[in-house]
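Numbers here are sequence positions counted from 1.
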Amino acid sequence: MDVTTKATTSIRTRLLRILILALAVLLALLGIAAADQISAYRNASATADNARLEITLQGLVHELQKERGLTTGYVGGVRQFSAKLPVQRKATDAAREQLDVALKGREDSAAGSVRESLGRLDGLAGIRKDADDGTGVVKDTFDYFTTTITVLDRLDLGLEDVHDGNLRDAYQALQVLGNAKEFTGEERAIVLGSVRAGKFRGDDYSRFMEIRAGRLAALDAFPRSATAVQERRLNTALTTPDAERTLAYESKAVHGTGKLKSSAIPAMAWWDSTTSTINGMRSVQITLGTDVENRAAQLESSAQRDLLLFLLLALGTVAALAALALDCVRSVSTPLVELARQAREVAGSRLPQAVAAVQDGSSGEAPKPPAPLALADRAGAEVREVAEAFDRVQRSAFDLATEQAVLRRNATDSLVSLGRRNQNLVRRQISFINKLEHEDADPATLANLFELDHLATRMRRNAESLLVLAGESSPRPWSTPLAINDVLRASLSEVEEYRRVTLRRIEPAFVTGSVVVEIAHLLAELVENALSFSPPDSDVEIEGRRTSAGYLVAIVDHGFGMDNQALAEANVRLSGTASFMAEPTRFLGHFVVGALARKCGIEVRLGEAPAAGVVARVLIPAGLLTEAPQGKAADQSVLPAPRKEEDAVESMTVAAESKPVENRVENKGAKGTSASRTRNGLVKRPQRSAISEAVTETDRPSRPAPTGPTTDRSPEQVSGMLSTLRSAHMRGGISVEKEKEKEKARKSAGHNEGDVK
């Protein structure tokens, strides 16, 4: 047998001994003793607390019973009680304070139910006031006290669910005696409330008989749960002269068939005899409460002792288990600690660095996988197996990252290649279309060529979007600043329904040439999105203002809008932090905008429009704004000269594309008008713009564009302008010649008709 097998066998043997002892002790102690002893201790402790609370509560009930008898009799006309009432009220209030002290610091269910029931005592002040000023009613007074006492008597303090049979019987005897005592108190009060009237009031006689029957039933039920000693105590209390006198008066009330003669049942004599009888029952009740409390205390003490013994035994068992397991733990603890340290190092730095190197791939060399985990010679076979398994996981993760990096790099290269090819083809197509526009003078053909030119421009934007998603730089760089008006026109030339776009107030500003193309592309995507999600007969409005943070462009559509969750998700995509690989393709425009905005440091957010629809706010930071270039302040509508000669044709194309947009902007942005056109170019009725409400930040007054002396334009600009002017002149001349020929033809036809006539 080799060393590894011996070590494994030794560890397994020791673990087996530990498990056998642990199972035997824990199943015996925890399964039996722990559950029973802890439950018994908690039950006994709660029972003792509830027993003390019950005794205090019965003290308050006793005082309320006495005050009920005095108050009901006083309201019923027994004025001799006027001297007794103040003393009794103080006694009731003192019992209430005693109960509040017993409830202090307790948050269990029993204490909560008592606090809730004590809320009924809030009406006691009103009952007392009505009795003092002579407005009290016997029935109302009696009902208030009786209902309150009944609620307090029937509270569930958990004493009925105790495990000890003796304690449960003692509590039931206490409850039965309390019921008998309450029925006796009700008899006392109902007779005192009617004795001055000479007869029972209303249905008080039938009620008196029901109360008497309840008292007799409670006294008959008392022996069932009481001990012999407790039963003798109650019999002694019920056989006193006062108790017998009370029974004699009660018999007269019963046989009087509703009549109460003062001579037969004197009020004060009835009060004294019944009160003495109730006090005797109260004495028995106190002794029963003491029995309940003592029994609960015994149970609590016994449970506490048993629990302490159990804890000592459990601690001893744990110490024995710890001693037996210590040797086994030492045999594997040090190697496991070292393995855990290396695993954390791999997960925290080594593996992420290797994966990042694979994904970067800038060095051109194949990155090496993370080194395997190193273990000491004394590590057990189990630890080595864990280390080998972790190494396999590490290797699989590295291989998967390498494969994913290669696939992602190939996909990106394919996107870039496809975008470059489409871009070159579209560039040649636009150049050829521009050439045809300058060679053909037919208006219908020119209109078709302009439409084809516009489609090609949109195709170019789609190709550039592929390059943006692939992380490539702008394919159309500019070298000089450009007016914000021209940036907006360039963006509108790349959308389909640019005739539905209305430019409102655009404060003058110039954008740095290095970000002109990116901003125009970004704005075109947002405008296209606004046009797509707004009704075809409504316009998209654009307004630009200077703010303290830069230049704010607001694009407002009047569509159905978006809910809060959709807006939040869209703003995450527009922030440039989300990956377009995990989103539906219908959101690619958002990712293009997000990539451009993040690259240029522009903030783009969507929000609800003031009236209806969605507003896109584009905040161009002040660092991307610049002053007007020399010679451009006087004419901001001229596009800047291209940096390369091969871009001259493209700049002429952009100028031609922006012409329809420029004419529309000038028509719709004229001072004092807000006219808009339909898709066919017809002027619609003026409508109030909501764009001013969408642009909320106006803390900085608009600054006029800096003016300067006008200088000569570059040869490339002059060439582009002359080409455009020549084409327009040719088209205009051809149109005039055709109109003249048509006019001559009409006149000739008229003369011929005259000759015929």
Side-chain angles (χ1 to χ4, degrees), residues 454 457-458 460-461 464 474 476 478 480-531 534 539-547 550-557 589 592-593 596-597 600 602-604 615-621 624-626 628-629 632-633 635-640 651 653-671 674-677 689 691-692 694-695 702 704-705:
H454 188 60
T457 304
R458 294 173 56 211
R460 180 181 60 192
R461 176 165 63 88
E464 292 175 359
S474 172
R476 295 185 295 157
W478 295 97
T480 58
L482 188 64
I484 193 67
N485 283 334
D486 291 331
V487 175
L488 289 171
R489 291 166 184 162
S491 65
L492 296 184
S493 68
E494 297 185 355
V495 300
E496 179 179 5
E497 299 182 355
Y498 62 87
R499 295 181 180 88
R500 290 174 49 205
V501 180
T502 302
L503 294 186
R504 298 300 182 184
R505 186 179 66 172
I506 305 297
E507 296 183 358
F510 280 82
V511 179
T512 304
S514 60
V515 295
V516 163
V517 175
E518 284 81 357
I519 295 178
H521 192 169
L522 181 150
L523 294 174
E525 293 288 347
L526 292 175
V527 171
E528 186 79 41
N529 186 73
L531 290 170
S534 60
D539 283 359
V540 172
E541 300 176 310
I542 302 178
E543 182 167 338
R545 295 184 183 178
R546 285 184 174 271
T547 67
Y551 196 91
L552 180 64
V553 178
I555 303 171
V556 180
D557 66 67
V592 173
V593 174
L596 294 172
C600 301
I602 298 174
E603 181 181 352
V604 181
V615 55
R617 295 179 175 87
V618 181
L619 180 60
I620 304 174
L624 300 182
L625 302 178
T626 184
K632 297 298 186 296
D635 188 4
Q636 297 181 4
S637 63
V638 180
L639 292 174
S651 66
T653 303
V654 174
E657 292 166 354
S658 64
K659 271 298 178 182
V661 179
E662 180 179 357
N663 295 335
R664 172 173 169 77
V665 170
E666 292 174 355
N667 291 335
K668 302 186 73 171
K671 182 178 180 181
S674 60
S676 59
R677 296 178 180 271
S689 173
I691 188 67
S692 58
V695 184
S702 61

Evaluate the side-chain proximity of [Y] to [X]: yes if any heavy-atom separation is below 4.5 Å, no if none is.
X	Y	answer
Arg617	Val604	no
Glu603	Pro621	no
His521	Leu596	yes
Ile519	Ile602	yes
Leu531	Glu496	no
Ile542	Val553	yes
Val556	Val540	no
Val511	Pro481	no

Atom [atom1] of [X] and atom [atom2] of [Y]: how far apart are they, to the nearest 0.5 Å?
X	Y	atom1	atom2	result
Leu526	Ile555	CG	CD1	4.5 Å
Glu494	Glu525	CD	CD	9.0 Å
Leu523	Glu518	CG	CD	11.5 Å
Leu492	Arg500	CG	CZ	12.5 Å
Arg489	Leu482	CZ	CG	9.5 Å

> Which is it for Glu541 and Leu503 under the side-chain contact (heavy atoms from CB on, under 4.5 Å) test, yes or no, and what are the steps along the way?
Replying inline: CA-CA 6 Å; Glu541 300 176 310; Leu503 294 186; over 6 Å; no
What are the two closest non-hydrogen atoms of [X] and [Y], and how far apart are they?
X	Y	answer
Ala524	Ser491	CB-O, 3.5 Å
Asp557	Ala530	CB-O, 3.7 Å
Glu543	Arg505	CG-O, 3.0 Å

>> Set out, in order, the CA-CA distance, both residues' side-chain angles and the distance that settles side-chain contact (heavy atoms from CB on, under 4.5 Å) for Ile506 and Ile484, then state yes or no.
In response: CA-CA 8 Å; Ile506 305 297; Ile484 193 67; 3.8 Å; yes
>> So does Glu507 get a backbone contact from the side chain of Tyr551, meaning a donor-acceptor N/O pair under 3.5 Å?
In response: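 Present.
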> Distance-only, no hydrogens or angles: does the Thr512 side chain make a donor-acceptor pair with backbone N or O of Leu624 under 3.5 Å?
Replying inline: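 Indeed, once roles are kept as given, a pair shorter than 3.5 Å links the two residues.
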